[in-house]
Amino acid sequence: MLTLSDVHRLYRSDEVETTALRNIDLQIGEGEFVAVMGPSGCGKSTLLNILGTIDRPTSGRYRFKDQEVADLNEAKLAQLRRENLGFVFQSFNLIDELTIAENVELGLVYRRWAGKDRRARVEAAMDRVGVAHRARHYPNQLSGGQQQRAAIARAIVGRPSLILADEPTGNLDTENGAQVMDILQALNGEGATVIMVTHSPSHADLARRRIDMLDGRVVVSATRAI
Ligand SMILES: Nc1ncnc2c1ncn2[C@@H]1O[C@H](COP(=O)(O)OP(=O)(O)O)[C@@H](O)[C@H]1O
Ligand SMILES: [Mg+2]
């Protein structure tokens with residue numbers, strides 16, 4: 001599905017240069033469930049942002065589904081994102097002023113579907129993660145677990161082939177974290193590729209493959225036998 005070849009990411013400010021990623025060579029296949037682990041600051045979010053095409057490598061190549069990402073113009077990039085990608089963040093990132101249903105519908109922005117189809121999709125996505133009964137509520141009326149499930153509904157309403165989740169259980173208690181993991185596993189079981197950053201060894205153990213990072217490098221990449 002995707003290949004990174006000798007990817008580097010350098011952040012430059014006036015005084016300092018930070019190398020967030022160095023020499024990243026990585027291939028991830030269709031249908032994989034990958035956990036990315038490593039200490040804070042080691043480059044996990046930078047890696048996810050590059051995979052999600054919201055950041056670009058300073059050098060090196062990124063191929064996604066046979067397309068060289070660097071060669072795509074903004075319109076093609078936007079198309080790649082909306083047709084393929086779903087993002088889930090640690091802090092949910094729902095919009096406070098919108099209802100849950102409206103937040104989920106944002107996952108369909110720029111999709112030219114008729115109103116009836118949109119509503120059906122939004123309804124199905126909310127149903128899928130168990131927040132349909134909260135459709136008309138606002139994010140601050142929901143528990144953290146419900147908010148994260150709503151955020152997952154927004155991520156999956158466009159039926160992405162790749163779900164990128166950056167510490168999706170980081171702000172949740174054990175039970176709500178387990179629910180989110182159940183949902184991610186089920187989505188993977190239905191064919192979605194999932195790449196998830198986590199600090200939880202038990203959540204990482206639910207993934208078939210684990211990537212350990214340190215100081216901007218991938219230090220171990222291991223796939224478990226089934
Ligand atoms: N926008 C930025 N500007 C400058 N440095 C950054 C920026 N984003 C991340 N970094 C630096 O890059 C390194 C990797 O960050 P990050 O990918 O967020 O790590 P992680 O997600 O593993 O905690 C860190 O040293 C961080 O301080
Ligand atoms: Mg991070």
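When reading the values below, keep in mind they use all heavy atoms of this one structure, side chains included, and skip hydrogens, waters and symmetry mates. Since this is a predicted model, take the numbers as computed values, not measurements. When a ligand or atom number is given, it counts from 1 through the structure's own listing order.
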Query raised in the report: Any side-chain heavy-atom pair from V219 and M213 closer than 4.5 angstrom?
Result: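 V219 vs M213: side chains apart.
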Query - Stepwise side chain to side chain contact (heavy atoms under 4.5 Å, CB included) check, R134 with Q141 - result: CA-CA 9 Å; R134 293 287 181 262; Q141 298 174 305; over 6 Å; no
Query raised in the report: Does S45 bring an N, O or S atom to within less than 2.8 Å of the Mg ion (ligand 2)?
Result: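 Yes - counting backbone and side chain alike, S45 has an N, O or S atom under 2.8 Å.
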Query raised in the report: Is it the case that N171 and Q90 place a side-chain donor and acceptor less than 3.5 Å from each other?
Result: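 Yes, a side-chain donor-acceptor pair sits under 3.5 Å.
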Query raised in the report: Hey, what's the ring geometry for F87 with F89, parallel, tilted or perpendicular (30° and 60° as the breaks)?
Result: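 Geometry flag for F89 against F87: parallel rings.
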Query raised in the report: Exactly which residues line ligand 1, taking a heavy atom under 4.0 Å from it as the test?
Result: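 Residues within 4.0 Å of ligand 1: Y11, T18, A20, P39, S40, G41, C42, G43, K44, S45, T46.
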Query raised in the report: Who are the salt bridge (Lys or Arg N to Asp or Glu O under 4.0 Å) partners of R61, not counting sequence neighbours?
Result: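 Expected list: E68.
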**Report entry** Residue pair E190, R128: steps toward the salt bridge (Lys or Arg N to Asp or Glu O under 4.0 Å) verdict
**Finding:** CA-CA 13 Å; E190 290 159 24; R128 180 68 213 273; 2.9 Å; yes
